[in-house]
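Have a look at the structure below, then the notes.
Source: prediction; values computed, not measured.
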Amino acid sequence: MASNLLQTPVLHAGTIPFSRPPTPGVHPLQIGFCGLGAMGYFMARNLANSRKSQSSPLLVYNRTVTKSQKLLAELGASTVKVADTLGQLATECDVIFTCLVNDAVVTSVYNEFAKALVQSPPTKAKIFVEMSTNYPALAGDLDRLLSSFPHTRFITSPIFGPPPAADKATLVIAMSGDYRSKKEVAFLLVPAVGRKVIDLGENVEKASTLKLIGNGNLAAALELLAETLTLGEKSGIGQQAVYDLITDIMPAPGLLAYGNKMINDSFDGSVGFAMDGGIKDSSHVLRLSAELNCPMPAVSNAHRSMITTRAIHQAQVASGTQQWDIIDESALIASSRVAAGLNPFDSKKGTGVVRED
C-alpha cells in the first residue's frame, strides 16, 4: 500500500507533455478569449464550460459583438462576460487566448494589447496565447513586442482540426515558448478544448512552423482527393465508389470529412473552413518552402486549384448566380472538374461550364 502512495498519478498520460502546474492560489485565474470565428466560438464555449466552477466568468471579445452576445446568451452571465474593448482583455486577464483570421488582424490586435499595457503595466504574471495560423516570423515579432512589459509571457499554440473537432473538443494543439507558461496553458486546454498537446520547445516560431507543415500536408491531400474523385466521375465509376474505397483503405478523418463534402457538393464556407483561409495558409507554406529551398509541388498544385476555384466562384457572384456567398476549402475540386469538362459545383449535372462569347 505504501508504494502506491509514493507513485505520482498520471492523469493525462500521452496527452500533455508537462507535469501538472502548482495548485492555483486563493484567487482563480481570469481567462480571456479574443476571436469567436468558426473555430474560436466553439473553443471559447468549451473553455468557458470547463471553468463553470470558477468564480470568474470567461471574458470574451469579438470585433462583431453579436457573436459575443450569442455566446453570452448560450451560456449565461455566470459563465461568460463580454469585454467592451481589447484593452479590457489585456489588463484584466491573467491568460489571454487569441484565435484570429490572418496575420494582419493578429498584428492589429496585439498592437492594441500593447497600447493598453503601456497605460496599465502588469503587476503579476500574464500569459498571451496566440492560436491562429500565422507565418512563423510573426510569432517572433509578437514575442519581442510583449517581452518589453513586466511579468508578461507569450506562447504560440496553433490548433489542428476542423470546426467539428473544435465543437467536440478533439483538437490537437501545438505549443512553443516559455516552458512554465506552456505548462499552465496546457492544463487549461486539455481536455477542455483539445485532446493532445505537442511541445515544440522554447522557440515561439516552431509551433507556427509545424502548423504550416500540417496544413500543407492537408492541402496536398485534398488536391489529390479532388483529382481522384473527378477521375472516378469522368470514368463512369462514380465519386461514391472512389470515396468508399478511400474509406476502406485510407480512413483518415480529414480525408473522409472533406471527401464527404466533395461528393455531396456541400461547399458552404460559412459553416466550414473558408477558401480564403486555405489560400492564405497555402501561401504561407509556399513562402516558407521557398525561404528554406524546399520545393513543395503538391502544395503548389493545391494552391493553384484554390485560386482557380475562387475565380470561378467570384465570376458567379458577379453574375448573381452563386449558391453560396462563401465557399469552403473542399470546393477546390471545382478546378479539377472544370479541367475535365464537368460542372464546377454541381456534380449531379455532369456537364461542362457553358462559355459565353
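- A salt bridge links R45 with D167: the distance from a Lys NZ or Arg NE/NH1/NH2 to an Asp or Glu carboxylate oxygen falls below 4.0 Å.
- Linking ILVMFWY side-chain heavy atoms closer than 4.5 Å, directly or via other members, places L47 and V82 in a single hydrophobic cluster.
- Across all their heavy atoms, M39 and P162 have their closest contact at SD-C, 3.6 Å.
- Judged by a 6.0 Å distance limit and a 45° cone about the ring axis, K261 is not positioned over the six-membered ring of F267.
- For NZ of K206, the number of neighbouring non-hydrogen atoms (other residues, nucleotides, ligands) closer than 6.0 Å is 12 at most.
- Side-chain N or O atoms of S108 include none that pairs as donor or acceptor with a backbone N or O of A104 at under 3.5 Å.
- Listed for the S335 side chain is no donor-acceptor partner under 3.5 Å among the backbone atoms of L332.
- No donor-acceptor pair closer than 3.5 Å links the side chain of N217 to the backbone N or O of I213.
- No donor-acceptor distance shorter than 3.5 angstrom exists from the side chain of D328 to the backbone of A331, with no hydrogens or angles considered.
- The local environment of CZ in R63 is sparse, with at most 12 non-hydrogen atoms from other residues, nucleotides or ligands closer than 6.0 Å.
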- Message: H151 vs K126, test: side-chain contact (heavy atoms from CB on, under 4.5 Å). Steps then yes/no.
- Response: CA-CA 6 Å; H151 311 294; K126 187 181 296 289; 5.8 Å; no
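- V80 and L72 get closest at one heavy-atom pair: O-CD1, 3.2 Å.
- There is a side-chain donor-acceptor pair under 3.5 Å between E74 and Y41.
- In plain terms, the two heavy atoms of S157 and I173 that are nearest each other are OG-CG2, 3.0 Å.
- The cationic group of K182 does not satisfy the cation-pi geometry with F18, failing either the under 6.0 Å distance to the six-membered ring centre or the 45° limit from the ring axis.
- Placement of L189 and M43 within a single hydrophobic cluster is found when ILVMFWY residues are connected by side-chain heavy-atom separations under 4.5 Å, directly or transitively.
- Between the side chains of S176 and T156, at least one donor N or O lies within less than 3.5 Å of an accepting N or O.
- The heavy-atom pair separating Q88 from T85 by the smallest distance is N-OG1, 3.0 Å.
- A cation-pi geometry, defined here as NZ or CZ lying under 6.0 Å from the six-membered ring centre and within 45° of its normal, holds between R287 and Y135.
- Comment: K183 does not engage D178 in a salt bridge, judged by the lack of any side-chain N to carboxylate O separation of less than 4.0 angstrom.
- E130 approaches C99 most closely through the heavy-atom pair OE2-N, 4.4 Å.
- Neither L71 nor V101 shares a network with the other; the hydrophobic side chains, linked directly or stepwise wherever heavy atoms of I, L, V, M, F, W or Y lie under 4.5 Å apart, form separate groups for each.
- Side-chain N/O atoms of S319 and T321 include a donor and acceptor closer than 3.5 Å.
- Side chains of S270 and D268: a donor on one and an acceptor on the other come within 3.5 Å.
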- Query: Between D265 and R337, does a salt bridge (charged side-chain N to carboxylate O under 4.0 Å, His left out) hold up when you go through it step by step?
  - Reply: CA-CA 12 Å; D265 301 323; R337 288 176 176 174; 3.0 Å; yes
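- When all heavy atoms of P57 and Q30 are compared, the pair lying nearest together is O-NE2, 2.9 Å.
- Ring geometry for F113 against F128 counts as tilted: the plane angle lies between 30° and 60°, on a 0 to 90° scale.
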